[in-house]
Engineer: 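Below is one structure. I have some questions about it.
All heavy atoms count here, side chains included; hydrogens, waters and symmetry mates do not.
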Amino acid sequence: QVQLVESGGGLVQDGGSLRLSCAASGVTFSSYTMAWFRQAPGAEREFVAGINWSAGSTYNADSVKGRFTISRDNAKNTVYLQMNSLKPEDTAVYYCAASTDVIPNRAERRYTYWGQGTQVTVSS
């Protein structure tokens, strides 16, 4: 049974930092491209960042470039999202997702497995 479990969310002030983690089980983690998406209240879920199996290719949404960094540790079956210089507009539920695509895709439909999400709230 495939499971993706996110952790590390919470409440942080404007300009603060958080590190999200997503632990995978039930899959050959190193075979999957991984990504982070987020969904703010009343908004559609959007792509945040993605990383291919070897961590040789990473992609960030324009809204988080220079502030967020995605990484992975295949030995620990875990993908991370380091979030710096957080803004109130980053407030959302953050989801990790797994895809068999060779490189990250921004489309939700390309991702087979999803976590249940972790809440990130940035106060002004």
Side-chain angles (χ1 to χ4, degrees):
Q1 182 179 355
V2 177
Q3 274 196 314
L4 301 178
V5 180
E6 301 96 336
S7 61
L11 175 64
V12 65
Q13 289 189 333
D14 191 354
S17 297
L18 282 174
R19 188 194 196 203
L20 305 183
S21 300
C22 172
S25 60
V27 292
T28 305
F29 180 74
S30 59
S31 298
Y32 285 81
T33 285
M34 300 298 295
W36 288 94
F37 286 76
R38 68 185 181 186
Q39 187 168 22
E44 294 186 351
R45 191 153 55 183
E46 63 174 359
F47 175 87
V48 174
I51 187 167
N52 75 329
W53 70 273
S54 67
S57 297
T58 61
Y59 299 84
N60 289 336
D62 288 344
S63 59
V64 305
K65 280 182 181 177
R67 301 188 298 123
F68 291 10
T69 302
I70 188 171
S71 62
R72 67 189 295 162
D73 185 339
N74 287 343
K76 295 182 178 180
N77 287 0
T78 302
V79 61
Y80 305 97
L81 186 67
Q82 178 66 45
M83 304 186 295
N84 299 328
S85 302
L86 282 161
K87 306 174 182 180
E89 51 263 44
D90 295 317
T91 295
V93 177
Y94 284 71
Y95 300 89
C96 70
S99 168
T100 56
D101 287 352
V102 175
I103 59 173
N105 194 297
R106 298 172 185 269
E108 287 187 57
R109 66 183 183 276
R110 302 300 304 176
Y111 293 84
T112 306
Y113 302 112
W114 292 83
Q116 292 191 324
T118 185
Q119 176 70 47
V120 172
T121 303
V122 184
S123 63
S124 57

Engineer: Testing the basics here: between Phe29 and Ala24, what is the closest heavy-atom pair and its distance to 0.1 Å?
Structural biologist: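 Closest approach of Phe29 to Ala24: CD1-CB, 3.5 Å.
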
Engineer: In the single-linkage hydrophobic clustering (I, L, V, M, F, W, Y; side-chain heavy atoms under 4.5 Å), do Val27 and Trp36 co-cluster?
Structural biologist: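 Looking at the clustering, Trp36 is in the same group as Val27.
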
Engineer: Is a side-chain N or O of Asn74 found less than 3.5 angstrom from the main chain of Ser54, in a donor-acceptor match?
Structural biologist: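 Here the side-chain-to-backbone pair does not exist.
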
Engineer: How long is the gap from CD on Glu6 to SG on Cys22, to the nearest 0.5 Å?
Structural biologist: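 Interatomic distance, Glu6 CD to Cys22 SG, rounded to 0.5 Å: 5.0 Å.
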
Engineer: Quick check with a 6.0 Å cut-off and a 45 degree axis cone: is Arg106 positioned over the face of Tyr59's six-membered ring?
Structural biologist: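 The answer is no, since Arg106 fails at least one limit relative to Tyr59.
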
Engineer: Where is the tightest heavy-atom contact between Arg38 and Phe68, given as atom of each residue plus distance?
Structural biologist: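 Closest approach of Arg38 to Phe68: NH1-CE2, 4.0 Å.
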
Engineer: If you compare all heavy atoms of Lys87 against all heavy atoms of Asp14, which two are closest, and at what distance to 0.1 Å?
Structural biologist: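 Looking at all heavy atoms of both residues, the shortest contact is CA-OD1, 3.9 Å.
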
Engineer: Among Tyr95, Tyr94, Phe47, whose ring pair (Phe, Tyr, Trp, His ring centres under 6.0 Å) with Phe37 holds?
Structural biologist: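 Of Tyr95, Tyr94, Phe47, ring pair (Phe, Tyr, Trp, His ring centres under 6.0 Å) with Phe37 is met by Phe47 alone.
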
Engineer: Decide yes or no for Met83 and Val64: does some side-chain heavy atom of the first lie under 4.5 Å from some side-chain heavy atom of the second?
Structural biologist: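 Of all side-chain heavy-atom pairs linking Val64 with Met83, none is under 4.5 Å.
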
Engineer: From Asn52 CG over to Met34 CE, what is the distance, rounded to the nearest 0.5 angstrom?
Structural biologist: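 Rounded to the nearest 0.5 Å, the CG-CE separation comes to 12.0 Å.
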
Engineer: Any idea which heavy atoms bring Ser124 and Pro88 closest together, and the distance?
Structural biologist: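 So the minimum-distance heavy-atom pair works out to CB-CG, 3.8 Å.
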
Engineer: Are side-chain heavy atoms of Ser21 and Lys76 found at a separation under 4.5 Å?
Structural biologist: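 Ser21 vs Lys76: side chains apart.
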
Engineer: If we only count heavy atoms from C-beta on, is the Thr91 to Gln119 side-chain gap below 4.5 Å?
Structural biologist: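 Counting from C-beta outward, Thr91 and Gln119 do come under 4.5 Å.
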
Engineer: For residues Val120 and Leu20, determine if any side-chain heavy atom of one lies less than 4.5 Å from a side-chain heavy atom of the other.
Structural biologist: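 Side-chain contact under 4.5 Å: yes.
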
Engineer: How about Glu44: does its CD atom have over 12 heavy atoms from other parts shown lying under 6.0 Å from it?
Structural biologist: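 Counting other residues, nucleotides and ligands, CD of Glu44 stays at 12 neighbours or fewer.
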
Engineer: Starting at OG of Ser99, measure out to CD of Glu108 and round the result to the nearest 0.5 Å.
Structural biologist: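 These two atoms lie 12.5 Å from each other.
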
Engineer: Quick check for you: to the nearest 0.5 Å, what is the distance between Thr118 atom OG1 and Leu18 atom CG?
Structural biologist: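 These two atoms lie 8.5 Å from each other.
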
Engineer: Going by the side-chain contact (heavy atoms from CB on, under 4.5 Å) test, name the single residue among Thr33, Ile70, Ile103 that passes it with Ile51.
Structural biologist: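 Option passing the side-chain contact (heavy atoms from CB on, under 4.5 Å) with Ile51: Ile70.
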
Engineer: Could you grab the distance from atom OH of Tyr32 to atom CG of Leu4, nearest 0.5 Å is fine?
Structural biologist: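 So the OH of Tyr32 and the CG of Leu4 are separated by 9.5 Å.
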
Engineer: Which heavy atom in Val2 sits nearest to a heavy atom in Gly26, and how many Å separate them?
Structural biologist: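 Residues Val2 and Gly26, closest heavy atoms: CG2-O, 3.6 Å.
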
Engineer: Quick one: are Pro104 and Tyr111 in side-chain contact, heavy atoms under 4.5 Å?
Structural biologist: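 Pro104 reaches Tyr111 side chain to side chain.
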
Engineer: Does CD belonging to Gln116 count more than 12 external heavy atoms closer than 6.0 Å?
Structural biologist: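 Atom CD in Gln116 is not packed in, count stays at 12 or less.
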
Engineer: According to a 4.5 Å side-chain heavy-atom criterion applied to Ile, Leu, Val, Met, Phe, Trp and Tyr, with indirect links allowed, do Val12 and Val48 form part of one hydrophobic cluster?
Structural biologist: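 Hydrophobic grouping puts Val12 with Val48.
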
Engineer: Let me confirm one number: the CH2-CZ distance from Trp114 to Arg45, rounded to the nearest 0.5 Å.
Structural biologist: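 The CH2 atom of Trp114 sits 4.0 Å away from the CZ atom of Arg45.
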
Engineer: Please determine whether the number of non-hydrogen atoms from other residues, nucleotides or ligands lying under 6.0 Å from atom CZ of Arg110 exceeds 12.
Structural biologist: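 No.
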
